[in-house]
Number of protein chains: 2
Amino acid sequence: MAGLSMRKQQTNAYACAMRRPTLHDVAARASVHPGTASRALNPRTRHLVSPVTARRVDRAARALGYRANPIARGLKTARTATVGLVLPDLTNPLFPPIVRGIEDALRPAGYSAWIVNTDNDPERERTLVDSLRSRHVDGLIVATARLDHPLLRETAAELPVVLVNRGTAEPGVSQVTPDDALGIEQAVRHLAGLGHRHVAHLAGPQDLSTGVERLRAYRRAVADLGLDDAPGLVERCGTWNEDEGAAATHRLLDSGLPCTAVCAGNDLLALGCYDALRERGLSCPRDVSVVGFNGMPFLDKLRPPLTTVRIPHHELGAEAARMLLAQLDDPDRHPRSVRLPPELIIRGSTRAPRS
Amino acid sequence: MAGLSMRKQQTNAYACAMRRPTLHDVAARASVHPGTASRALNPRTRHLVSPVTARRVDRAARALGYRANPIARGLKTARTATVGLVLPDLTNPLFPPIVRGIEDALRPAGYSAWIVNTDNDPERERTLVDSLRSRHVDGLIVATARLDHPLLRETAAELPVVLVNRGTAEPGVSQVTPDDALGIEQAVRHLAGLGHRHVAHLAGPQDLSTGVERLRAYRRAVADLGLDDAPGLVERCGTWNEDEGAAATHRLLDSGLPCTAVCAGNDLLALGCYDALRERGLSCPRDVSVVGFNGMPFLDKLRPPLTTVRIPHHELGAEAARMLLAQLDDPDRHPRSVRLPPELIIRGSTRAPRS
DNA sequence: TTGTATGCGTTATCAG
DNA sequence: CTGATAACGCATACAA
């Protein structure tokens with residue numbers, strides 16, 4: 001790694017980079033003690049200083065273009081106005097909108113987010129959470145929650161944590177998730193309304209709240225609506241991706257069970273389903289209707305455009321951020337769980353079954 | 001904002017949170033002076049300490065689960081092993097893979113990235129760059145470069161900066177960009193090879209290197225290949241998005257100029273083009289062939305799958321990160337400019353013109 | 001109301 | 001080779 005010796009050189013190369021003015025400089029210019037300047041500049045302690053002095057300090061700070069050094073401040077206060085954001089994978093199009101929601105809610109409060117990717121690797125996750133903590137983030141928003149997730153419990157015991165999108169079975173952790181059950185119910189009800197009796201489900205990973213709850217909701221909807229409940233109509237996928245969706249669809253079709261519609265656990269699985277159908281010369285929606293879940297971008301550009309359950313990504317993130325801020329404000333606040341309602345978006349991939 | 005008074009409460013709510021061990025604790029346990037412990041733990045200064053002492057310190061550190069506090073370290077060294085990453089918009093699917101490339105290249109060097117979104121707002125950009133600087137990032141990777149971009153010149157004079165994806169006309173700034181000219185040439189040559197003589201171009205924003213260079217390359221290719229060079233075959237778009245692409249396509253079709261193929265400045269414009277064609281009852285590729293640019297994810301799932309020029313996103317990011325690391329190592333290093341070769345991906349949206 | 005002193009955790013520069 | 005000490009920039013008890 002770069003030696004510290006470079007520091008001297010850097011001073012050469014970026015010679016024009018004037019040292020940022022410090023509180024000390026401001027104090028000197030205003031002819032007050034640094035402590036006074038600190039108080040004057042801090043909204044919370046400003047009332048402790050005389051208005052004239054305060055204004056003088058303000059002017060000095062403005063003139064010098066003073067900006068407090070958050071590092072030094074953090075060292076003293078043990079707070080950084082920063083929250084860590086733990087994602088499985090930023091390249092999954094589900095997450096960027098959630099991130100935007102988080103940032104948009106954090107900004108007005110003066111907080112910013114530090115984003116890390118775990119790649120669904122628990123070890124990497126542990127390392128990253130540790131590095132966020134050593135950077136003294138004030139709290140954590142976690143999108144990688146598993147149902148069984150000791151790290152989460154440990155971490156939440158030590159600093160404010162809010163889960164987003166995926167929940168956990170670990171106690172004492174706040175979470176903001178889509179109402180998976182409601183979404184799946186809408187999807188299955190839509191298919192049943194079109195006349196489908198044999199609806200399959202591509203289930204997601206069963207160690208994630210999303211995978212489990214969507215499967216459970218599917219089963220309940222099938223029962224409630226009196227649809228075909230053959231166990232073979234459920235195919236499990238190990239991860240939320242297209243390959244798994246395609247493989248599961250192939251297994252489903254190989255089973256020979258009657259099936260005119262597929263309710264996929266998420267959009268990526270649905271995309272894999274598209275691939276498998278095409279590979280077998282089957283047409284969606286003529287032969288098989290397909291519903292996705294999440295409302296990823298660009299699904300309307302597919303052929304056929306994918307009917308899906310849209311979850312409010314941005315709002316999911318914003319709500320998680322607001323919840324974390326509240327928790328930051330009042331650490332004794334009781335952990336709570338919020339479910340946001342999804343919305344069925346009907347497009348071209350669903351239609352009544354033939355005959 | 002949350003008062004600091006909360007700190008006390010926080011100590012209550014997260015009471016079990018043991019204080020992280022500090023260098024001081026490690027030193028005490030190893031019965032050495034903190035200074036010695038610091039030297040022993042720092043690979044660069046480890047040779048200054050006797051092997052036995054070093055090992056003793058190591059053991060103490062391990063036993064206590066010691067992790068250096070990067071904040072305190074940064075305060076002293078004015079270095080943070082952190083780089084700022086300035087993006088226009090994380091929800092644009094072009095960027096996440098670039099981010100991953102950057103992170104993957106940064107990680108082995110012990111650096112991490114702090115991501116911010118400007119929304120293409122210069123004022124917001126200035127604020128964010130400022131906040132990154134006050135957080136003492138060691139350098140900047142910027143994906144929001146415009147051709148005319150004073151902030152870039154100012155900033156690059158004060159700390160290492162590398163541009164990624166978009167370049168600038170400002171002098172003295174390193175950049176890693178796709179070889180836009182080569183990519184467009186491949187695209188137009190492909191269309192010409194299929195027999196197209198009237199190829200339109202949906203040009204991107206002309207204040208961005210990408211927009212300008214792709215337009216220039218289109219013009220050159222049209223000239224070289226002896227294609228129809230009617231000025232009306234170029235339609236300008238103010239931003240890289242679907243709406244602009246659709247509007248431009250409508251204008252193009254309204255012009256009545258003969259045109260059998262569209263070379264879009266990027267994939268989003270091409271998606272807009274799809275929409276416009278569909279709206280007019282035209283078929284791609286039967287009536288009009290379309291080529292995109294960038295190689296966004298999921299383009300193969302469109303109908304028809306979009307022929308595009310794939311740029312090596314991950315490598316683009318990785319190369320930018322490596323370049324920044326090199327610059328961090330040697331601040332006197334001459335700024336340089338790297339262009340990465342793209343690759344034409346031929347899919348179903350291009351075919352020979354009718355008749 | 002203001003100044004003073006101290007500490008946050010670490011590294012660098014001295015002595016020894 | 002190791003220990004002592006002084007910063008780094010800021011916030012905050014405490015003294016004045």
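All chains are named by letter (A, B, ...) in the order of the sequence lines, taking the proteins before the strands, and each is independently numbered beginning at 1.
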Between B/S112 and B/E103, does any side-chain donor sit less than 3.5 Å from a side-chain acceptor? no
Choose from D/dC10, C/dT11, C/dT4 the nucleotide whose nearest atom is closest to any side-chain atom of B/N42. C/dT11
Using a 4.0 Å heavy-atom cut-off, does B/I71 contact any base of the nucleic acid, only the sugar-phosphate backbone, or nothing at all? nothing
Among residues 21-29 of chain B, which residues get a heavy atom nearer than 4.0 Å to DNA chain C? B/T22, B/L23
Looking only at side-chain atoms of B/A68, point me to the closest of D/dC10, C/dG9, C/dT10. C/dT10
Closest to the side chain of B/H33, out of D/dA4, D/dT2, C/dA5, is D/dA4
Side-chain N or O of A/T53 versus OP1/OP2 of C/dT2: is the shortest distance under 4.0 Å? yes
C/dT11 OP1/OP2 closer than 4.0 Å to side-chain N/O of B/T77: no
Could you tell me whether the phosphate oxygens of C/dT11, OP1 or OP2, come under 4.0 Å of any side-chain nitrogen or oxygen in B/R73? yes
Check: A/L87 and A/T118 side chains under 4.5 Å, non-hydrogen atoms: no
Residue-phosphate contact under 4.0 Å: A/S38 side-chain N/O, D/dA11 OP1/OP2: yes
Over all strands shown, is A/T45 touching base, sugar-phosphate only, or nothing at heavy-atom distances under 4.0 angstrom? nothing
Classify B/S50 by what it touches in the nucleic acid, base, sugar-phosphate, or nothing, heavy-atom distance under 4.0 Å. sugar-phosphate
